[in-house]
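Accompanying notes for the structure given below.
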Amino acid sequence: MEDRATPQRQIRALHTQSTVTVYQAYDPALGLPAARDGRFPAGWKRERMTWVKPSFLWMMYRSGWGTKEGQRTVLAVEIRREGFDWALAHACLSHYERATHGEQADWRRELKRAPARVQWDPERDLRLQALPYRSLQLGLAGEAVRRYADEWVVGIRDVTPLAHRVHALVGDGRLDAARALLPAERVYPTLSAAA
């Protein structure tokens, strides 16, 4: 049962005092070498925006439990908290909000300059149904992508087998057993205005 008091926008993540875990899904040709070597391989495109998700279940929704074409390897990327915090502090909302940005032209200028983007999408339950509150997606571009790949990554694990186990349990109706396998995501403290 979900807590009705959960704020509309709140970052929930698996985190320690020094790291936070985010998720991405890739084709096995890219994802498996990344997990094996603990860093993104040469074929990983630094010039493109990359989106990271602190919510395991939102990643399951996005990747179809690691079954969608091009997303069959789900990675848990452990990054330095100071990097994640830097990205949040330098982020702009991916969509215009009058109360936050004032004029739309101001938001467009900020969006062009910002090395990171914050997007809020409905969080998901074990059946991947939308919940009434939002989950963070963080888009990294330019300087943020370089820092992510070269400075922030502490480790990369292939969590595709976990995704498949949880999915199988959900399919069997064993929700308590599935829930017990989920990463222990808890509220991530942040002072960022973009978040």
Side-chain angles (χ1 to χ4, degrees), residues 9-59 62-63 66 70-71 73-97 100-101 106-121 123 134-160 183-195:
R9 293 178 177 175
Q10 180 185 69
I11 300 171
R12 292 166 300 280
L14 176 63
H15 60 89
T16 68
Q17 285 189 329
S18 59
T19 65
V20 60
T21 298
V22 295
Y23 300 93
Q24 295 189 283
Y26 291 102
D27 185 85
L30 197 143
L32 293 176
R36 181 192 65 223
D37 300 336
R39 66 183 188 286
F40 293 105
W44 189 73
K45 298 189 181 345
R46 292 167 178 261
E47 64 278 1
R48 288 178 38 185
M49 178 167 285
T50 191
W51 290 88
V52 300
K53 297 111 178 133
S55 167
F56 180 81
L57 286 175
W58 204 93
M59 186 73 257
R62 179 70 177 86
S63 69
Q71 299 184 58
T73 302
V74 181
L75 301 177
V77 184
E78 192 176 11
I79 62 174
R80 298 180 198 288
R81 276 181 71 156
E82 65 254 24
F84 188 72
D85 292 344
W86 182 93
L88 289 173
H90 291 83
C92 176
L93 281 172
S94 64
H95 62 281
Y96 170 71
E97 288 183 355
T100 303
H101 303 106
D106 296 335
W107 167 74
R108 283 194 184 108
R109 278 191 296 278
E110 185 183 344
L111 190 64
K112 273 188 174 173
R113 286 193 308 262
R117 292 182 185 173
V118 164
Q119 183 169 307
W120 294 99
D121 295 298
E123 180 61 283
R134 303 279 168 159
S135 181
L136 174 79
Q137 278 198 81
L138 185 60
L140 307 175
E143 179 183 2
V145 170
R146 289 188 297 277
R147 286 178 177 229
Y148 174 63
D150 298 333
E151 300 171 22
W152 302 345
V153 172
V154 172
I156 302 176
R157 292 178 292 116
D158 180 358
V159 292
T160 314
E185 294 170 2
R186 53 196 169 87
V187 175
Y188 184 85
T190 178
L191 302 175
S192 170

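These numbers were taken from a predicted model, which means no experiment stands behind them.
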Is the backbone of [Y] close enough, under 3.5 Å, to the side chain of [X] for a donor and an acceptor to pair up by distance?
X	Y	answer
R80	E151	yes
R81	T16	yes
R157	E78	no
S135	D121	no
Q137	W51	no

Which pair of non-hydrogen atoms, one from [X] and one from [Y], has the smallest distance, and what is that distance?
X	Y	result
T160	T73	OG1-CA, 3.3 Å
W86	P115	CH2-CG, 3.7 Å
P54	A13	CB-CB, 3.7 Å
A34	P41	CB-CD, 4.0 Å

Which value, rounded to the nearest 0.5 Å, describes the distance between [X] atom [atom1] and [Y] atom [atom2]?
X	Y	atom1	atom2	result
L32	I156	CG	CD1	12.0 Å
M59	L75	CE	CG	9.0 Å
R186	Y188	CZ	OH	10.5 Å
Q24	L140	CD	CG	8.0 Å
I79	R147	CD1	CZ	12.5 Å
F56	T21	CZ	OG1	11.5 Å

State, yes or no, whether a side-chain contact exists between [X] and [Y] at a heavy-atom distance under 4.5 Å.
X	Y	value
E123	R12	yes
H15	P189	yes
Y23	S63	no
W152	V20	no

Exercise for the section: Would you kindly say whether R117 and Q119 are connected by a side-chain donor-acceptor distance under 3.5 Å? Expected result: no
Practice task
Can you label the angle between the W44 ring and the F40 ring as parallel, tilted or perpendicular, going by 30° and 60°?
Solution key: parallel
Practice task
Evaluate the criterion side chain to side chain contact (heavy atoms under 4.5 Å, CB included) for residue pair R46 and D150; output intermediate values, then yes/no.
Solution key: CA-CA 10 Å; R46 292 167 178 261; D150 298 333; 2.7 Å; yes
Problem - Over 12 non-hydrogen atoms of neighbours within 6.0 angstrom of CZ in R62 - result: no
Practice task
Apply the side chain to side chain contact (heavy atoms under 4.5 Å, CB included) test between I11 and each candidate in L136, V187, L138; give the one that qualifies.
Solution key: L136
Practice task
Check the pair V153, R39 against side chain to side chain contact (heavy atoms under 4.5 Å, CB included), reporting the backbone distance first and the verdict last.
Solution key: CA-CA 7 Å; V153 172; R39 66 183 188 286; 5.7 Å; no
